[in-house]
There are 2 protein chains.
Amino acid sequence: MKEIIPNISVDCLVFGFDFDRLHILLKKRELINENGEKIISDYTLAGNHLLKGETADDAAYRVLYNITGFDNIYLEQFFCFSKTNRLKNEKDQIWVRHLNLDIADHVFSIGYFSLVDKSKLVLDEEHKNAEWFPIEDLPPLGFDHAEIIEKGIECLRKKFKQEPIGFELLPEKFTLTQLQKLYEAVLGTTYDRRNFRKKIMQLKYIIPLDEKQQGVPHKPAQVFIFSREVYEKTKKEKLVFA
Amino acid sequence: MKEIIPNISVDCLVFGFDFDRLHILLKKRELINENGEKIISDYTLAGNHLLKGETADDAAYRVLYNITGFDNIYLEQFFCFSKTNRLKNEKDQIWVRHLNLDIADHVFSIGYFSLVDKSKLVLDEEHKNAEWFPIEDLPPLGFDHAEIIEKGIECLRKKFKQEPIGFELLPEKFTLTQLQKLYEAVLGTTYDRRNFRKKIMQLKYIIPLDEKQQGVPHKPAQVFIFSREVYEKTKKEKLVFA
DNA sequence: ACAAAAGTGTTCATTATACACCCATGT
DNA sequence: ACATGGGTGTATAATGAACACTTTTGT
C-alpha cells in the first residue's frame with residue numbers, strides 16, 4: 001500500500017439525474033460505541049487523501065473508480081478548501097481517531113465534481129454504503145462537506161450554462177423532454193416546451209435518431225444523441241441558459 | 001519566523017491595466033555563478049509556501065501585500081496545480097537548492113488572480129524586482145508559471161463576462177472610453193463605441209459624476225464611478241460581454 | 001485651424017417570449 | 001374511451017449590430 005500525503009485530500013461530488021431531480025452520491029458514516037449507541041450517523045462525500053506521486057486528478061479518478069466502478073468519468077476540479085478548522089468538529093475528530101488515520105492537523109481538500117449516468121451505476125455490495133440524495137434534500141453531513149457541496153453545485157451551474165456537459169448525466173440516447181427536465185433540475189428554473197425545443201433543435205450537435213421511445217403509455221418521443229465531435233467543430237454556437 | 005508547509009504554496013497573478021493593454025506583475029529571478037555567468041535569468045509569479053495555520057487565502061493576501069504593499073486587493077482562487085514534475089526543470093531545481101528552501105519534492109500550488117489599480121501601485125525600492133508585462137508579451141518564465149498564467153487568464157476572462165470586476169483594474173473615477181478599452185484588452189475583442197456606451201449607460205451601478213476630464217487636448221470626457229452597493233442591489237441586470 | 005477623442009440616434013436583423021391545440025400510444 | 005406526455009407555429013417584444021457626423025478642448 002502506498003504512502004498517503006497527510007495534509008492533502010480530494011473530495012468528489014458525484015452528480016446523477018433520475019429524470020426528475022438532480023442527485024448527489026454520498027457515503028454513509030456510522031460509528032457505534034461499546035454500549036451500542038450511535039455516536040456518529042451521517043454522510044460524507046467520496047474522498048481520500050492523495051497518495052505519494054499522485055496528482056489531484058489521479059486521486060479524484062481513483063476515488064471515483066472506488067465508489068462507482070467507472071473510469072472515464074466527466075470530472076472537474078472546482079475549489080481548494082483550506083480552512084484550518086475543516087476537520088475540527090467533535091464528531092469528525094472522533095471519526096479520525098477511530099479510523100486511526102495518519103493525517104495532518106490541517107488538511108487541504110481539493111473539490112471535484114463529476115457527472116455520471118445514474119441509470120448505469122449499480123450500487124452493489126461493494127458500494128452499498130453509497131446512497132443518492134436529491135440536492136434539495138440532503139442528510140446531515142460530516143466535515144465541511146455541506147459547504148463543499150454548496151460551492152460545487154454553484155460551480156456546476158456556472159459550467160452548465162457555458163458548456164453542454166449535461167449529456168454526461170443522461171443515457172446515450174435521450175428525449176428532448178428528458179433534456180429539458182435535466183436543465184430545469186440543475187438550474188432550478190422551468191422552460192416553455194416549444195421554446196426549449198426550438199433552441200435545442202438548432203444545435204447541430206444534438207442529433208435526432210431514426211428511433212422512438214418504446215413501451216410508454218403515450219405518444220413515443222423521438223430519441224436524440226449528443227455528438228461531442230460535432231460540438232467541438234461548431235463550438236461558436238453557445239448553449240447559454242441564463 | 002513561522003514554519004512553512006513544505007508541500008503547499010500559492011501563486012498569484014496580479015493584473016493591471018495601463019489604459020491600453022492588460023499587464024501582469026512578475027518577479028525577476030536571477031542567479032549568477034562564481035564565474036559571473038548568468039545561470040538563471042527569468043521571471044516568476046509572486047508566490048510563497050503556506051505558513052502553518054494559514055488558509056490559502058491568508059497566504060495569497062500575504063504574498064500580495066509583500067509585492068504590492070496593498071491589502072484589500074480583489075482576489076480570487078482559480079485552480080490547484082498538482083503535476084508531480086511542476087518544479088523539476090533543471091533551472092528550478094538549481095534555484096530551489098540555491099535558496100536552500102526546505103520544501104517538498106511534490107509541491108501543490110493554489111493559483112489566485114488579483115486585480116489592482118496599476119496607477120496606484122508604486123514599484124519602489126522594496127519591490128523593485130517586480131515588473132509589469134503585457135499579457136501578450138511575456139518574458140521567459142520559471143517553474144510551471146506559463147501554464148498557471150494561461151489558465152488564470154482564461155479564468156479571468158470567464159469571470160469578467162459574468163460579473164463587473166473590471167473596476168478593480170481602473171482608478172475610482174474613469175471614462176467610458178477607458179472602460180471600453182479595458183473590456184477590449186481583457187476579452188481580446190473590439191466594440192462599437194455607440195453600442196458599448198448604450199449598454200453601459202443602462203446599468204444603474206455605473207454612475208456619471210458632475211465632473212470632466214482635465215487637461216486633455218480634446219473634448220474632455222465625462223467621469224464615472226462604479227457603485228458596488230448599487231450593483232449588489234440590482235444584480236439581476238447582468239453585464240454579459242460575449 | 002487643426003488634431004484628437006467625446007458624444008449622440010436610427011434602422012435592421014436576430015433572438016426571446018408568450019401562448020393552445022391535435023397526436024400517438026398503452027391500458 | 002381515456003389518460004398521458006409528444007409534437008408543432010405565429011405574433012410580439014427585446015436585444016444586438018451596423019453605421020457617420022458634430023462638439024469640445026489644447027496646441
Side-chain angles (χ1 to χ4, degrees), chain A residues 17-21 160-162 164 170-171 173-185 187-204 206-225 234 236-242, chain B residues 17-21 160-162 164 170-171 173-185 187-204 206-225 234 236-242:
Chain A
F17 180 59
D18 67 352
F19 301 113
D20 182 31
R21 291 194 288 176
F160 226 77
K161 289 179 196 168
Q162 288 177 348
L170 293 171
K173 298 173 180 183
F174 53 86
T175 69
L176 293 188
T177 298
Q178 289 168 346
L179 186 64
Q180 181 177 348
K181 280 199 173 152
L182 171 61
Y183 274 88
E184 291 175 342
L187 300 179
T189 31
T190 56
Y191 299 100
D192 173 83
R193 198 162 86 251
R194 278 173 288 192
N195 293 336
F196 182 87
R197 297 166 83 88
K198 245 182 289 172
K199 203 150 129 185
I200 293 301
M201 288 194 288
Q202 67 196 26
L203 302 174
K204 294 175 203 88
I206 298 181
I207 301 167
L209 297 185
D210 223 2
E211 193 174 329
K212 307 226 153 185
Q213 268 183 318
Q214 301 275 329
V216 286
H218 53 76
K219 181 169 175 180
Q222 187 162 24
V223 163
F224 291 77
I225 57 166
T234 60
K236 298 149 221 161
E237 14 164 1
K238 274 180 222 153
L239 180 77
V240 180
F241 289 87
Chain B
F17 179 59
D18 67 351
F19 302 113
D20 182 30
R21 290 194 288 176
F160 225 77
K161 289 179 195 168
Q162 289 178 347
L170 291 172
K173 298 173 180 182
F174 53 86
T175 69
L176 293 189
T177 298
Q178 289 169 346
L179 185 65
Q180 180 176 350
K181 279 200 175 152
L182 172 61
Y183 274 89
E184 291 175 343
L187 300 179
T189 32
T190 56
Y191 298 101
D192 174 83
R193 199 162 83 248
R194 279 172 288 189
N195 293 337
F196 183 85
R197 297 166 83 90
K198 245 182 290 171
K199 202 149 131 186
I200 293 300
M201 288 195 287
Q202 67 197 26
L203 302 174
K204 294 174 202 89
I206 298 180
I207 300 168
L209 296 184
D210 222 2
E211 194 175 326
K212 308 228 151 185
Q213 268 184 317
Q214 300 274 330
V216 286
H218 53 76
K219 182 170 175 179
Q222 187 163 24
V223 163
F224 291 76
I225 56 166
T234 60
K236 297 149 223 163
E237 13 164 1
K238 274 180 221 150
L239 178 78
V240 179
F241 287 88

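Just so you know, these numbers come straight off a predicted model, no measurement behind them. So that the names make sense, note that chain A is the first sequence line, chain B the second, and so on, each numbered from 1.
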* Asked: DNA chain C: A/D192 or B/P220, which has the more 5' nearest nucleotide?
  ->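 Going by which nucleotide is closer to the 5' end, it is B/P220.
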* **Any donor-acceptor N/O pair, A/E211 side chain to A/V223 backbone, under 3.5 Å** =>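 Checking the backbone N and O of A/V223 against the side chain of A/E211, no donor-acceptor pair under 3.5 Å is found.
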* **Short side-chain to backbone donor-acceptor contact, B/E184 and B/Y191, under 3.5 Å** =>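 The answer is yes, because a donor-acceptor pair under 3.5 Å joins these two groups.
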Atom-pair distance ([atom1] on [X]; [atom2] on [N]), nearest Å:
| X | N | atom1 | atom2 | value |
| --- | --- | --- | --- | --- |
| A/Q178 | D/dG5 | CD | C1' | 12 Å |
| A/D20 | D/dG5 | CG | P | 11 Å |
| B/F19 | C/dA6 | CZ | C1' | 17 Å |
| A/R193 | C/dA18 | CZ | C1' | 14 Å |
| A/K181 | D/dG6 | NZ | C1' | 12 Å |
| A/F196 | C/dA18 | CZ | P | 16 Å |
| B/F224 | C/dG7 | CZ | C1' | 10 Å |
| A/M201 | D/dG9 | CE | P | 9 Å |

* C/dG7 base to B/R194 side chain: any donor-acceptor pair below 3.5 Å? ->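 For B/R194, whose side chain was compared with the base of C/dG7, there is no donor-acceptor pair (under 3.5 Å).
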* To do: Please evaluate the base of D/dT10 for a donor-acceptor partner in the side chain of A/K198 within a cut-off of under 3.5 Å?
  =>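 By the distance-only test, yes, there is a pair.
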Any non-hydrogen side-chain atom of [X] less than 4.5 Å from a side-chain atom of [Y]?
| X | Y | value |
| --- | --- | --- |
| A/Q213 | A/H218 | yes |
| A/T175 | A/Q222 | no |
| B/Q180 | B/T190 | no |

* To do: Output yes when at least one side-chain N/O atom of B/R197 is less than 4.0 Å from OP1 or OP2 of C/dG7, else no.
  =>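 Indeed, a polar side-chain atom of B/R197 lies that close.
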Listed pairs, N/O of protein and of nucleotides 1-4 of chain D, under 3.5 Å:
unit_1: D/dT4; atom_1: O2; unit_2: A/P217; atom_2: O; d: 3.4

* Closest-nucleotide 5' rank along DNA chain D - winner of A/N195 and A/T177 ->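 Nearest nucleotide further toward 5': that of A/T177.
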* Using the test ring pair (Phe, Tyr, Trp, His ring centres under 6.0 Å), find all partners of B/F174 that sit at least two apart in sequence or belong to another chain. =>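 Expected list: B/F167.
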* To do: May I ask you to say what A/T175 touches in the nucleic acid, namely base, sugar-phosphate or nothing, with a heavy-atom cut-off under 4.0 Å?
  =>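 No contact at all - A/T175 keeps every heavy atom at 4.0 Å or more from the nucleic acid.
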* Which atom names give the shortest non-hydrogen contact between A/F224 and A/L176, and what distance separates them? ->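 In terms of heavy atoms, the two residues are closest at CE1-CG, 3.4 Å.
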